[in-house]
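Just so it is clear, the values below take in all heavy atoms, side chains as well, and ignore hydrogens, waters and symmetry mates. Here the structure is a predicted model, which means the values were calculated and not measured. Start at 1 with the first residue, then count along the sequence.
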Amino acid sequence: MFPFTAVLGQDELKNCLMLCAVDPEISGVLALGDRGTAKTTTIRALGHLLSAHGVEMPVAELPLGAAEDRVVGSLDVDRALRGEMVFAPGILAEAHGGILYIDEVNLLDDFLVDLLLDVSASGVNRVERDGLSHVHPARFVLVGSGNPEEGELRPQLQDRFGLATEVRTIRDLRLRREIVQRRLEHDADPARFAALHQDREARLAERILRARERLRHVEVPERVLDRVVDVCVESGAVGHRADLVLARTARALAAMAGRDAATETDVAQAAAPAAAAPYAARPGESATVQAARVKLTAARVLGLRAA
């Protein structure tokens with residue numbers, strides 16, 4: 001498995017994933033952009049890093065075209081032949097307490113989208129089929145990737161992602177060269193390459209673990225919460241979900257930094273990826289332009305210089 005810390009040029013995606021690992025209540029990451037930009041590699045690498053260092057956050061992948069039985073679970077056929085009515089867990093059960101990853105999420109069949117919307121809202125998977133009735137918890141961080149040129153994502157599903165990032169092809173020549181070099185080194189000797197990054201992986205895992213433990217003690221002071229609300233109102237947020245996502249993301253940033261309180265700077269840093277939450281888009285405005293507008297609005301409201 002390619003090490004998470006060895007992935008270059010996708011810092012915003014990596015940061016979004018780490019924030020959701022710190023606080024799963026942020027609810028997920030949507031990574032849309034060009035093909036071949038290491039979206040899937042990065043997401044799988046985080047799952048491997050977490051599991052290798054004792055973080056109980058499994059990664060379950062939902063492939064396109066997956067049958068409903070495989071997703072929700074079904075009757076265990078082998079045991080049914082022996083006269084036993086036993087539930088065989090599906091992908092949703094595997095994802096409970098962890099990450100449900102969907103590559104090409106914008107191409108997902110409508111029946112699976114409807115299923116995910118229902119389970120994501122309730123946190124419970126109910127299976128009624130073949131004479132079997134089974135209910136199990138299914139709470140997970142939803143992570144999706146894809147190329148928007150190949151199809152649009154249904155707005156109802158997009159609203160289930162707390163954070164969003166656009167992943168584009170790297171244009172910096174030196175960075176592109178280093179990306180190729182690292183991939184070649186990994187493919188030539190995966191074990192040696194992993195060993196080279198072992199210390200960095202361990203340090204990052206420890207940082208995430210400490211942030212997860214610190215999170216419950218991190219406060220969002222009233223003045224910072226006021227700024228969260230100001231940013232959402234000025235940006236045209238629809239409903240109150242955007243306020244919650246922005247506040248939780250700012251709090252997770254503070255936890256990652258080892259602080260016990262979120263700041264206005266955390267709010268500004270969280271504003272652009274948190275634009276996955278429903279904001280009122282202007283006519284002809286793309287997701288990229290919308291995120292930039294939200295970020296500029298945050299900088300103006302907070303009296304900070306936009307990055």
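For Glu185 and Arg192, the salt-bridge test fails: no basic side-chain N is under 4.0 Å from an acidic carboxylate O. Taking the charged nitrogens against the carboxylate oxygens, Asp260 and Arg214 do have a contact shorter than 4.0 Å, which makes a salt bridge. Comment: Arg227 does not engage Glu234 in a salt bridge, judged by the lack of any side-chain N to carboxylate O separation of less than 4.0 angstrom. Salt bridge annotation for Arg251-Glu219: absent, with no cationic side-chain nitrogen under 4.0 angstrom from a carboxylate oxygen. Salt-bridge formation is not detected for the pair Arg174/Glu178: no Lys NZ or Arg NE/NH1/NH2 atom is positioned less than 4.0 Å from an Asp or Glu carboxylate oxygen. The existence of a salt bridge linking Arg259 and Asp266 is confirmed by a sub-4.0 Å separation between a basic side-chain nitrogen and an acidic carboxylate oxygen. With respect to the salt-bridge test (charged N to carboxylate O, under 4.0 angstrom), the residues Arg154 and Glu152 do not qualify. Electrostatic pairing of Arg183 and Asp187 counts as a salt bridge here, judged by a charged N lying under 4.0 Å from a carboxylate O.
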(request) Check the pair Leu30 / Thr165 against side chain to side chain contact (heavy atoms under 4.5 Å, CB included), numbers first and verdict last. (result) CA-CA 6 Å; Leu30 177 63; Thr165 180; over 6 Å; no

(message) Set out, in order, the CA-CA distance, both residues' side-chain angles and the distance that settles salt bridge (charged side-chain N to carboxylate O under 4.0 Å, His left out) for Arg44 and Glu61, then state yes or no.
(response) CA-CA 9 Å; Arg44 289 174 177 168; Glu61 296 191 31; 2.8 Å; yes

(request) Decide yes or no on side chain to side chain contact (heavy atoms under 4.5 Å, CB included) for Leu100 and Leu92, but give the supporting numbers first. (result) CA-CA 8 Å; Leu100 179 63; Leu92 295 180; 4.0 Å; yes

(request) Please step through side chain to side chain contact (heavy atoms under 4.5 Å, CB included) for the pair Glu201 and Phe4, ending with a clear verdict. (result) CA-CA 7 Å; Glu201 293 275 292; Phe4 184 74; 3.7 Å; yes

(request) Begin from the C-alpha positions of Gln10 and Thr42 and carry the test side chain to side chain donor-acceptor pair (under 3.5 Å) through to its verdict. (result) CA-CA 8 Å; Gln10 304 301 350; Thr42 305; over 6 Å; no

(request) Check the pair Leu204 / Met18 against side chain to side chain contact (heavy atoms under 4.5 Å, CB included), numbers first and verdict last. (result) CA-CA 10 Å; Leu204 180 58; Met18 287 189 292; 3.5 Å; yes

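With values rounded to the nearest 0.5 angstrom, Arg168 atom CZ is found 4.5 Å from Asp34 atom CG. Residue Leu32 holds its CG atom at 11.0 Å from CD of Glu149, rounded to the nearest 0.5 Å. Taken from CZ in Phe161 to SG in Cys16, the straight-line distance is 12.5 Å, to the nearest 0.5 Å. Rounding to the nearest 0.5 Å gives a distance of 13.0 Å between CD of Glu104 and CG of Leu62. The line from OG1 of Thr37 to CD1 of Ile170 is 8.0 Å long, rounded to the nearest 0.5 Å. Residue Ser27 holds its OG atom at 8.0 Å from CZ of Arg248, rounded to the nearest 0.5 Å.
Judged purely by atom type and a 3.5 angstrom limit, Arg160 has no side-chain atom pairing as donor or acceptor with the backbone of Leu142. Asp103 places no side-chain N or O within donor-acceptor distance of the main-chain N or O of Gly144, the cut-off being under 3.5 Å. Remark: side-chain polar atoms of Arg182 are not paired, donor with acceptor, to backbone N or O of Arg177 under 3.5 angstrom. A donor-acceptor distance shorter than 3.5 angstrom exists from the side chain of Ser51 to the backbone of His48, with no hydrogens or angles considered. Counting only distance, with no hydrogens or angles, the side chain of Lys14 and the backbone of Ile43 share no donor-acceptor pair below 3.5 Å.
Residues Ile102 and Leu116 have side chains in contact (heavy-atom distance under 4.5 Å, counting atoms from C-beta outward). Counting only heavy atoms from C-beta outward, the side chains of Arg126 and Ser133 never approach each other to under 4.5 Å. Looking at heavy atoms from C-beta onward, His53 lies out of side-chain contact with Glu206 at the 4.5 angstrom threshold. Residues Leu64 and Leu108 meet the side-chain proximity criterion, which asks for heavy atoms closer than 4.5 Å. Looking only at side-chain heavy atoms (C-beta outward), Val127 and Asn125 come within less than 4.5 Å of each other. With a 4.5 Å cut-off on side-chain heavy atoms, Glu68 and Phe111 count as touching.
Leu17 pairs with exactly one of Val141, Val143, Leu50, Leu163 by the side chain to side chain contact (heavy atoms under 4.5 Å, CB included) rule, that one being Val143. If you run side chain to side chain contact (heavy atoms under 4.5 Å, CB included) between Val228 and each of Val245, Val233, Leu244, Leu246, only Leu246 comes through.
Hydrophobic clustering places Ile26 together with Leu209 (ILVMFWY residues linked when any side-chain heavy atoms are closer than 4.5 Å, directly or through intermediates). Tracing side-chain contacts under 4.5 Å through hydrophobic residues (I, L, V, M, F, W, Y), one never reaches Val180 starting from Leu8; they form parts of separate clusters. By the rule that hydrophobic residues join a cluster once side-chain heavy atoms approach within less than 4.5 Å of another member, Val29 and Val55 end up as members of one cluster. Residues Ile208 and Val218 fall into different hydrophobic clusters, defined by Ile, Leu, Val, Met, Phe, Trp and Tyr side chains chained together at heavy-atom separations under 4.5 Å. If you chain together hydrophobic residues whose side chains sit under 4.5 Å apart, Val224 and Val229 never meet in one group.
Between Phe2 and Phe193, the two ring planes are tilted [angle within 30° to 60°].
Across all their heavy atoms, Arg216 and Glu213 have their closest contact at NH1-O, 3.4 Å. Of all the heavy atoms in Asn106 and Glu150, the pair that sits closest is ND2-C, 4.2 Å. Taking both residues in full, the closest heavy atoms of Gly33 and Lys39 are given as O-NZ, 3.7 Å, listed atom of the first, atom of the second, then distance. Between Ala31 and Val167 the shortest heavy-atom distance is CB-CG2, 4.2 Å. Summarising the geometry of Pro3 relative to His186, their closest heavy-atom pair is CD-CD2, 4.4 Å, with the distance given to 0.1 Å.
No donor-acceptor contact under 3.5 angstrom links the side chains of Ser122 and Arg139, judged on distance only.
Annotation: Gln198, atom CD; neighbour count of heavy atoms from other residues, nucleotides and ligands within 6.0 Å does not exceed 12.
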